Structure formats: structure tokens, C-alpha cells
Asks: 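Once you've had a glance at the structure underneath, I'll fire off some questions.
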Amino acid sequence: MNLFAEALNGALVVRVDEERIDAAIAMRFKDRMREVTAQPSTRVVLDMSQVDFLDSSGLGAVVAVMKSLAPTRRLELSGLTPNVAKVFQLTRMDTVFRIHTDVEAALQEGLRNAG
Amino acid sequence: MLADRKARGQPRPERGGDRPEAQIFHHSFAADPLSVRKALRAALARFTRNMTSDEAGTLELLLAEVLNNIVEHGYGDSGKGMITLSMVRDGRGLSCSVSDDGIELPADCINRKIATETLRPHPDDLPEGGFGWFLIRDLAEDLGYHRVDGRNLLAFRLPLSPQPHQG
């Protein structure tokens, strides 16, 4: 499970360097997210632009991560590929997450809000 | 074990020939998450040539939900047991059947009389599960289930846009 975290403009950006977040990897995703989000940051932006496939187990894992960060920290998503975006739309979970086009847009929004 | 019947290594029929390559997939594999991944890859490779990328994504999601549900609930994540997946492409879509020897599927998984809206986990509850069967019911058509002699058989169709002419 390849996750890389980097503090940028007051947000912790976590890049998922995996093609899939599926049933085979969902548990490890949750565990690794707990490790890489240990460094403090109110906003955590999950960069999913490398992820081509997400199933219901992967979706459940992303929701679990969001809940483990709440209420003091917020999980936001960025760079959803078409098939991944579809899963969020079909389940209406796109209404629960702040979803950005890409990391750039997520960080821009942070700057605007700060200003 | 039944093997994938696609004719590996054989020359494809020439364009315009009257015997197009039969679009059939038949595969048995172990009921564990990594074997499911491999089966998905093989099934996708078999059929996606004549699909849009959106259709291919839908197919992969639908199959993943069905197969992982069997791994997780049918066989209780034991890593034991087999799954058999059969698929046939016709003019209107893909007909799929999946069989396994796991426990019986609860009736409400495929009960279409219950409104779809009430079966979708509510987003505001921040559900971590329960999406699988919602997605299957949402994406599949003609979903049917039959259990006989301790064997589960699930059949469904994935509607697809008409295929481009192929020879």
C-alpha cells in the first residue's frame, strides 16, 4: 500500500500511489492512513488521481478514515478518476465529502479561506 | 477446474469472415480477494475491446461487488471455496452467471419489491458498509438467484450499447 503524505499550504496532502482501492487492500489502506495522518493538520486532502478503481470496500475504508479524523480534522478528496467518481455518485457519498478537481484546486481553496 | 476457453494463440478470424470470435468467458477461481482481482482482470480483458470505458468501469464494479460479496459473506472470509464465473456477450449486453458453494444468500439482497431508495445506506449516517448490494441492484438487470443442492447460482445482465460491426 503506497501512500505518501506531504504538508502543503497548511494541509496534509496524501497521495495514493495505487491503481485500486478494493476489497484486497481496504484494510491496509485504513491502517496506512492512520500512520501517515499522525502528523497534525486540520485538513487532510486525499489525492486519488492515480486510483482507477474503487469498490464498496474501498469506499467504506475512505469513509472510515473520514470518521476517524473527525470531528477536529477534515478529510477532503481530490482528483477522482471517472470510475471512482461514479461510485461516489451512485451511493450519494459525494454529498458527504468535499471533492476537489485536483490537489492544486484543494490548496487554492485553503488559501482563499485563510485570506 | 474449468479453464478459460478463449482460443489463445489461434489466429483471429479475418475481418468480414462469417464466424466472429465467440465472446464467452468461463473461469473458476479460489474465493479470496487476490484471485478475484485476477479473475476481474481476465474477464475485463475478454470483453472491454467492444465497450466504452464507462461500460468497462461499470462491468468491473458490478463483478467486483458480486464476487467480493461471495468471498466475504458466502465463504465468510475463510479463503476456502471456489467461485465460477460465466459470461456471454450478445447484442444487448452481457449475460453473467456466478456460482459458489457458500452459505445461502439472504432473501432481501435481491428482493426488488423493496424500494431502491430505502436500500441505499444513508450518506449522512456515514456508513462504512452496505453499499455492495445496493450497487449490484442498481447496475444489474434481470437479477435472479437460485439455490440448489447447497450451491448458489446468481444470474444477471449488464446492458451495453450495441457493438460496432465486427467480422
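Throughout, protein chains are lettered first and strands after them, A, B, ... in sequence-line order, and every chain is numbered starting at 1. Keep in mind the model is a prediction, meaning the values are calculated, not measured.
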Asks: Testing the basics here: between L126(B) and M66(A), what is the closest heavy-atom pair and its distance to 0.1 Å?
Replies: CD2-SD, 3.9 Å

Asks: Examine Y145(B) and L153(B) and state if one hydrophobic cluster contains both, with Ile, Leu, Val, Met, Phe, Trp and Tyr joined whenever side-chain heavy atoms are less than 4.5 Å apart.
Replies: no

Asks: If you measure from CD on E60(B) to CZ on R20(A), what distance do you get to the nearest 0.5 Å?
Replies: 4.5 Å

Asks: For residues A24(A) and R37(B), report the shortest heavy-atom separation together with the two atoms involved.
Replies: CB-NE, 3.8 Å

Asks: With a 4.5 angstrom heavy-atom cut-off, which part of T95(A) approaches chain B: side chain, backbone, both or neither?
Replies: side chain

Asks: How many angstroms lie between atom CD1 of I25(A) and atom CG of L34(B), to the nearest 0.5 angstrom?
Replies: 9.0 Å

Asks: When heavy-atom pairs shorter than 4.5 Å are enumerated against chain A, which of G132(B), P127(B), P123(B) gives the highest number?
Replies: P123(B)

Asks: Within this structure, what is the OG-CG distance for the pair S56(A) and N69(B), rounded to the nearest 0.5 Å?
Replies: 8.0 Å

Asks: Would you call N83(A) and L61(B) a side-chain contact if the rule is heavy atoms closer than 4.5 Å?
Replies: no

Asks: Quick check for you: to the nearest 0.5 Å, what is the distance between L135(B) atom CG and L90(A) atom CG?
Replies: 6.0 Å

Asks: Are L3(A) and V84(A) linked, directly or through other ILVMFWY residues, by side chains that come within less than 4.5 angstrom of each other?
Replies: yes

Asks: Write out, in numerical order, the residues from residues 34-53 of chain A with a heavy atom short of 4.5 Å from a heavy atom in chain B.
Replies: F53(A)

Asks: Would you give the length of the straight line joining atom CG of L59(A) to atom CZ of F131(B), rounded to the nearest 0.5 angstrom?
Replies: 4.5 Å

Asks: So which residue, V36(B), L139(B), D32(B), T58(B), ends up with the most heavy-atom pairs under 4.5 Å with chain A?
Replies: T58(B)

Asks: Check the hydrophobic clustering (I, L, V, M, F, W, Y; side-chain heavy atoms under 4.5 Å; chains of links allowed) and say if V87(A) and L44(B) are grouped together.
Replies: yes

Asks: Heavy-atom count check: over 12 atoms from other residues, nucleotides or ligands less than 6.0 Å from K38(B) NZ?
Replies: no

Asks: Please state whether the side chain, the backbone, both or neither of L67(B) comes within less than 4.5 Å of a heavy atom of chain A.
Replies: neither

Asks: So which part of D55(A) gets closer than 4.5 Å to some heavy atom of chain B, the side chain, the backbone, both or neither?
Replies: both

Asks: Identify whether I99(A) and L8(A) are in the same connected component of the hydrophobic contact network (ILVMFWY, side-chain heavy atoms under 4.5 Å).
Replies: no

Asks: What part of D54(B) lies closer than 4.5 angstrom to a heavy atom of chain A: side chain, backbone, both or neither?
Replies: both

Asks: Does any backbone or side-chain atom of S53(B) lie under 4.5 Å from a heavy atom of chain A? Answer side chain, backbone, both or neither.
Replies: backbone

Asks: Should V16(A) and L107(A) be regarded as members of a common hydrophobic cluster, given that ILVMFWY residues are connected when their side-chain heavy atoms come within less than 4.5 Å of each other, either directly or indirectly?
Replies: no

